[in-house]
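Structure first, then comments.
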Amino acid sequence: MLKIAIDGTAASGKGTLAKNLAQKYGFAHLDTGLLYRKVASDLIVKKKDTDNNLEYLSCKYAKEVEFSELKKEYLRSEKIAKLASLIATYPKLRKILNLKQKEFVDINLNKFGGCILDGRDIGTKILPNADFKFFIDASIEIRAKRRLLEKNISFLHENDEKCMLHALIVKMKNRDKLDRSRFEAPLVPAKDAHIIDTSLMSAEDLLLVVTKIIEGRKNIKEKNK
Ligand code: CDP
(Lines give C-alpha, C1' and ligand atoms only; values in the text may rest on other atoms or scores of the structure.)
Protein backbone atom coordinates (compact mmCIF):
# COMPACT_ATOMS: atom_id res chain seq x y z
CA MET A 1 0.00 0.00 0.00
CA LEU A 2 1.52 3.27 -1.12
CA LYS A 3 1.23 6.70 0.41
CA ILE A 4 2.24 9.57 -1.85
CA ALA A 5 2.68 13.13 -0.55
CA ILE A 6 2.67 16.03 -3.01
CA ASP A 7 3.33 19.58 -1.87
CA GLY A 8 4.08 22.79 -3.66
CA THR A 9 3.23 26.35 -4.55
CA ALA A 10 -0.07 27.58 -6.02
CA ALA A 11 -0.69 26.46 -9.63
CA SER A 12 2.63 24.62 -9.75
CA GLY A 13 0.99 21.53 -11.26
CA LYS A 14 0.74 19.52 -8.02
CA GLY A 15 -3.05 19.07 -8.24
CA THR A 16 -2.97 17.84 -11.84
CA LEU A 17 -0.08 15.52 -10.98
CA ALA A 18 -2.01 14.11 -8.02
CA LYS A 19 -5.11 13.53 -10.18
CA ASN A 20 -3.10 11.90 -12.98
CA LEU A 21 -1.25 9.62 -10.57
CA ALA A 22 -4.49 8.64 -8.82
CA GLN A 23 -6.00 7.75 -12.19
CA LYS A 24 -2.92 5.81 -13.30
CA TYR A 25 -2.68 3.67 -10.16
CA GLY A 26 -6.36 3.65 -9.11
CA PHE A 27 -5.50 5.26 -5.77
CA ALA A 28 -7.67 7.56 -3.65
CA HIS A 29 -6.83 11.26 -3.95
CA LEU A 30 -7.50 14.19 -1.64
CA ASP A 31 -6.81 17.80 -2.67
CA THR A 32 -6.32 19.07 0.89
CA GLY A 33 -6.47 22.72 -0.20
CA LEU A 34 -10.17 22.18 -0.83
CA LEU A 35 -10.71 21.61 2.91
CA TYR A 36 -9.26 25.06 3.67
CA ARG A 37 -11.13 26.56 0.73
CA LYS A 38 -14.46 25.06 1.88
CA VAL A 39 -14.08 26.60 5.33
CA ALA A 40 -13.14 29.97 3.75
CA SER A 41 -16.14 29.74 1.43
CA ASP A 42 -18.48 29.01 4.35
CA LEU A 43 -17.11 32.07 6.16
CA ILE A 44 -17.87 34.22 3.11
CA VAL A 45 -21.29 32.70 2.35
CA LYS A 46 -22.60 32.63 5.93
CA LYS A 47 -21.48 36.26 6.42
CA LYS A 48 -21.42 36.13 10.21
CA ASP A 49 -19.44 38.67 12.23
CA THR A 50 -16.17 37.31 10.90
CA ASP A 51 -14.05 40.33 11.93
CA ASN A 52 -13.92 39.31 15.58
CA ASN A 53 -14.73 35.61 15.31
CA LEU A 54 -12.66 34.42 12.39
CA GLU A 55 -10.68 31.78 14.26
CA TYR A 56 -13.68 30.50 16.27
CA LEU A 57 -15.97 30.34 13.22
CA SER A 58 -13.37 28.73 10.97
CA CYS A 59 -12.89 25.95 13.56
CA LYS A 60 -16.67 25.53 13.83
CA TYR A 61 -17.10 25.22 10.04
CA ALA A 62 -14.04 22.98 9.73
CA LYS A 63 -15.65 20.42 12.07
CA GLU A 64 -18.71 20.36 9.79
CA VAL A 65 -16.85 19.82 6.48
CA GLU A 66 -17.88 16.69 4.55
CA PHE A 67 -15.61 15.16 1.90
CA SER A 68 -18.57 14.96 -0.48
CA GLU A 69 -18.82 18.78 -0.50
CA LEU A 70 -15.33 19.34 -1.85
CA LYS A 71 -15.88 18.90 -5.57
CA LYS A 72 -17.48 22.27 -6.19
CA GLU A 73 -15.89 24.45 -8.87
CA TYR A 74 -16.75 27.72 -7.08
CA LEU A 75 -14.16 26.88 -4.41
CA ARG A 76 -11.41 27.60 -6.97
CA SER A 77 -11.59 31.46 -6.84
CA GLU A 78 -8.57 33.51 -5.75
CA LYS A 79 -10.80 35.41 -3.26
CA ILE A 80 -11.53 32.13 -1.46
CA ALA A 81 -7.86 31.09 -1.74
CA LYS A 82 -6.74 34.32 -0.05
CA LEU A 83 -9.02 33.76 2.95
CA ALA A 84 -8.07 30.06 2.99
CA SER A 85 -4.42 31.05 3.28
CA LEU A 86 -5.20 33.45 6.13
CA ILE A 87 -7.18 30.95 8.20
CA ALA A 88 -4.58 28.27 7.42
CA THR A 89 -2.28 30.14 9.84
CA TYR A 90 -4.51 29.12 12.81
CA PRO A 91 -3.01 26.10 14.62
CA LYS A 92 -6.43 25.08 16.04
CA LEU A 93 -8.00 25.00 12.60
CA ARG A 94 -5.06 23.04 11.16
CA LYS A 95 -5.44 20.48 13.95
CA ILE A 96 -9.10 19.88 13.02
CA LEU A 97 -8.36 19.63 9.28
CA ASN A 98 -5.28 17.44 9.89
CA LEU A 99 -7.52 14.91 11.65
CA LYS A 100 -9.90 14.95 8.66
CA GLN A 101 -6.99 14.27 6.30
CA LYS A 102 -5.78 11.36 8.43
CA GLU A 103 -9.35 10.03 8.57
CA PHE A 104 -9.41 10.12 4.74
CA VAL A 105 -6.20 8.06 4.62
CA ASP A 106 -7.49 5.54 7.20
CA ILE A 107 -10.74 5.04 5.27
CA ASN A 108 -9.21 4.80 1.79
CA LEU A 109 -5.73 3.30 2.05
CA ASN A 110 -6.86 -0.33 2.29
CA LYS A 111 -9.82 0.16 0.01
CA PHE A 112 -7.80 1.57 -2.91
CA GLY A 113 -4.36 0.13 -2.18
CA GLY A 114 -2.89 3.62 -2.03
CA CYS A 115 -3.53 7.25 -1.17
CA ILE A 116 -2.31 10.49 -2.70
CA LEU A 117 -2.67 13.77 -0.84
CA ASP A 118 -1.63 17.13 -2.25
CA GLY A 119 -1.26 20.40 -0.36
CA ARG A 120 1.33 22.38 1.57
CA ASP A 121 2.32 20.24 4.59
CA ILE A 122 1.65 16.69 3.43
CA GLY A 123 5.25 15.46 3.37
CA THR A 124 6.20 17.34 6.54
CA LYS A 125 3.10 16.91 8.77
CA ILE A 126 0.29 14.75 7.43
CA LEU A 127 2.21 11.84 5.88
CA PRO A 128 5.75 12.12 7.30
CA ASN A 129 6.23 8.41 6.53
CA ALA A 130 4.95 8.60 2.96
CA ASP A 131 6.59 6.17 0.52
CA PHE A 132 7.12 9.00 -1.95
CA LYS A 133 7.29 12.74 -1.44
CA PHE A 134 7.30 15.34 -4.20
CA PHE A 135 7.64 19.10 -3.96
CA ILE A 136 6.43 20.88 -7.09
CA ASP A 137 7.28 24.47 -8.04
CA ALA A 138 7.51 26.72 -11.11
CA SER A 139 8.24 30.39 -11.84
CA ILE A 140 5.55 32.81 -10.67
CA GLU A 141 4.92 34.07 -14.24
CA ILE A 142 4.26 30.56 -15.54
CA ARG A 143 2.06 29.68 -12.57
CA ALA A 144 -0.05 32.82 -12.97
CA LYS A 145 -0.47 32.11 -16.70
CA ARG A 146 -1.65 28.58 -15.89
CA ARG A 147 -4.16 29.89 -13.34
CA LEU A 148 -5.46 32.42 -15.87
CA LEU A 149 -5.87 29.69 -18.50
CA GLU A 150 -7.88 27.60 -15.98
CA LYS A 151 -10.35 30.50 -15.75
CA ASN A 152 -11.07 30.17 -19.47
CA ILE A 153 -11.76 33.87 -20.04
CA SER A 154 -11.74 35.35 -23.53
CA PHE A 155 -10.23 38.84 -23.50
CA LEU A 156 -11.25 41.55 -25.96
CA HIS A 157 -7.99 43.48 -25.54
CA GLU A 158 -4.46 42.26 -24.92
CA ASN A 159 -4.08 44.92 -22.21
CA ASP A 160 -6.98 43.49 -20.19
CA GLU A 161 -5.23 40.13 -20.19
CA LYS A 162 -1.92 41.74 -19.13
CA CYS A 163 -3.67 43.62 -16.31
CA MET A 164 -5.38 40.50 -15.01
CA LEU A 165 -2.16 38.51 -15.23
CA HIS A 166 -0.31 41.19 -13.27
CA ALA A 167 -3.03 41.27 -10.56
CA LEU A 168 -2.91 37.48 -10.32
CA ILE A 169 0.89 37.50 -9.95
CA VAL A 170 0.61 39.94 -7.04
CA LYS A 171 -2.13 37.86 -5.32
CA MET A 172 -0.30 34.57 -5.78
CA LYS A 173 3.02 36.05 -4.57
CA ASN A 174 1.30 37.32 -1.41
CA ARG A 175 -0.30 33.94 -0.79
CA ASP A 176 2.98 32.05 -1.32
CA LYS A 177 4.69 34.46 1.07
CA LEU A 178 2.08 33.88 3.79
CA ASP A 179 2.16 30.10 3.25
CA ARG A 180 5.98 30.04 3.46
CA SER A 181 6.34 32.34 6.45
CA ARG A 182 3.61 31.11 8.80
CA PHE A 183 4.72 29.61 12.09
CA GLU A 184 2.51 26.49 11.94
CA ALA A 185 3.26 24.03 9.12
CA PRO A 186 4.90 26.47 6.69
CA LEU A 187 5.28 25.55 3.05
CA VAL A 188 8.74 23.93 2.88
CA PRO A 189 9.91 20.82 1.06
CA ALA A 190 10.27 17.76 3.30
CA LYS A 191 13.96 16.79 3.64
CA ASP A 192 13.36 13.58 1.69
CA ALA A 193 11.16 15.11 -1.04
CA HIS A 194 11.98 15.03 -4.75
CA ILE A 195 11.94 18.70 -5.76
CA ILE A 196 10.72 19.30 -9.30
CA ASP A 197 10.51 22.60 -11.20
CA THR A 198 7.73 22.37 -13.78
CA SER A 199 8.32 25.77 -15.46
CA LEU A 200 9.37 24.08 -18.70
CA MET A 201 7.32 20.90 -18.32
CA SER A 202 3.88 19.86 -19.48
CA ALA A 203 1.57 17.90 -17.18
CA GLU A 204 2.40 14.79 -19.24
CA ASP A 205 6.17 15.37 -18.83
CA LEU A 206 5.73 15.72 -15.08
CA LEU A 207 3.70 12.53 -14.85
CA LEU A 208 6.44 10.68 -16.76
CA VAL A 209 9.21 11.97 -14.50
CA VAL A 210 7.31 11.11 -11.31
CA THR A 211 6.17 7.69 -12.59
CA LYS A 212 9.82 6.84 -13.38
CA ILE A 213 10.82 7.67 -9.81
CA ILE A 214 7.96 5.60 -8.35
CA GLU A 215 8.45 2.60 -10.63
CA GLY A 216 12.23 2.71 -10.14
CA ARG A 217 12.02 2.50 -6.37
CA LYS A 218 9.17 -0.04 -6.44
CA ASN A 219 11.36 -2.32 -8.60
CA ILE A 220 14.31 -2.02 -6.20
CA LYS A 221 12.04 -2.87 -3.23
CA GLU A 222 10.57 -5.87 -5.06
CA LYS A 223 14.07 -7.17 -6.01
CA ASN A 224 15.21 -6.89 -2.38
CA LYS A 225 12.22 -8.85 -1.04
O1 CDP B 1 -4.68 25.38 -5.75
P2 CDP B 1 -3.71 26.22 -4.97
O3 CDP B 1 -2.36 25.59 -4.87
O4 CDP B 1 -3.68 27.64 -5.43
O5 CDP B 1 -4.29 26.33 -3.48
P6 CDP B 1 -4.89 25.19 -2.57
O7 CDP B 1 -4.02 23.97 -2.59
O8 CDP B 1 -6.32 24.99 -2.88
O9 CDP B 1 -4.75 25.83 -1.10
C10 CDP B 1 -5.36 27.04 -0.73
C11 CDP B 1 -4.68 27.54 0.53
O12 CDP B 1 -4.94 26.60 1.58
C13 CDP B 1 -3.15 27.61 0.45
O14 CDP B 1 -2.68 28.86 -0.03
C15 CDP B 1 -2.71 27.32 1.88
O16 CDP B 1 -2.66 28.49 2.65
C17 CDP B 1 -3.82 26.46 2.43
N18 CDP B 1 -3.42 25.06 2.55
C19 CDP B 1 -2.65 24.68 3.63
O20 CDP B 1 -2.27 25.51 4.44
N21 CDP B 1 -2.30 23.37 3.81
C22 CDP B 1 -2.67 22.44 2.93
N23 CDP B 1 -2.33 21.16 3.14
C24 CDP B 1 -3.43 22.80 1.81
C25 CDP B 1 -3.77 24.13 1.63
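None of these values were measured; they are calculated from a predicted model.
- By the side chain to side chain donor-acceptor pair (under 3.5 Å) test, Thr198 pairs with Arg146, sequence neighbours left out.
- Counting all heavy atoms, side chain and backbone alike, Met164 lies closest to Lys151 at CE-CD, 4.1 Å.
- Evaluation of the ring-ring contact (aromatic ring centres under 6.0 Å, His included) test over residues 71-95, restricted to residues two or more places apart or in two chains, returns none.
- Partners of His166 under the ring-ring contact (aromatic ring centres under 6.0 Å, His included) rule, at least two apart in sequence or in another chain, do not exist in this structure.
- The hydrophobic side chain of Leu200 is isolated, with no ILVMFWY side chain under 4.5 Å apart from it.
- Among residues two or more places apart in sequence or in another chain, the side chain to side chain donor-acceptor pair (under 3.5 Å) test is passed with Arg120 by Asp179.
- Under the salt bridge (charged side-chain N to carboxylate O under 4.0 Å, His left out) criterion, Lys3 pairs with no residue at all, not counting sequence neighbours.
- Residues passing the salt bridge (charged side-chain N to carboxylate O under 4.0 Å, His left out) test with Lys162 are Glu158, sequence neighbours excluded.
- For Ala40, the side-chain contact (heavy atoms from CB on, under 4.5 Å) partners two or more places apart in sequence, or in a different chain, are Ile80, Leu83, Ala84, Ile87.
- The side chain to side chain donor-acceptor pair (under 3.5 Å) check on Ser202 picks up Glu204, Asp205, with sequence neighbours excluded.
- Qualifying salt bridge (charged side-chain N to carboxylate O under 4.0 Å, His left out) partners for Glu78, counting only residues two or more places apart in sequence or in other chains: Arg175.
- Shown here are the side chain to side chain donor-acceptor pair (under 3.5 Å) partners of Asp7, two or more places apart in sequence or in another chain: there are none.
- Residues Phe135, Ile195 make up the rest of the hydrophobic cluster containing Leu187, defined by ILVMFWY side-chain heavy atoms closer than 4.5 Å, directly or through other members.
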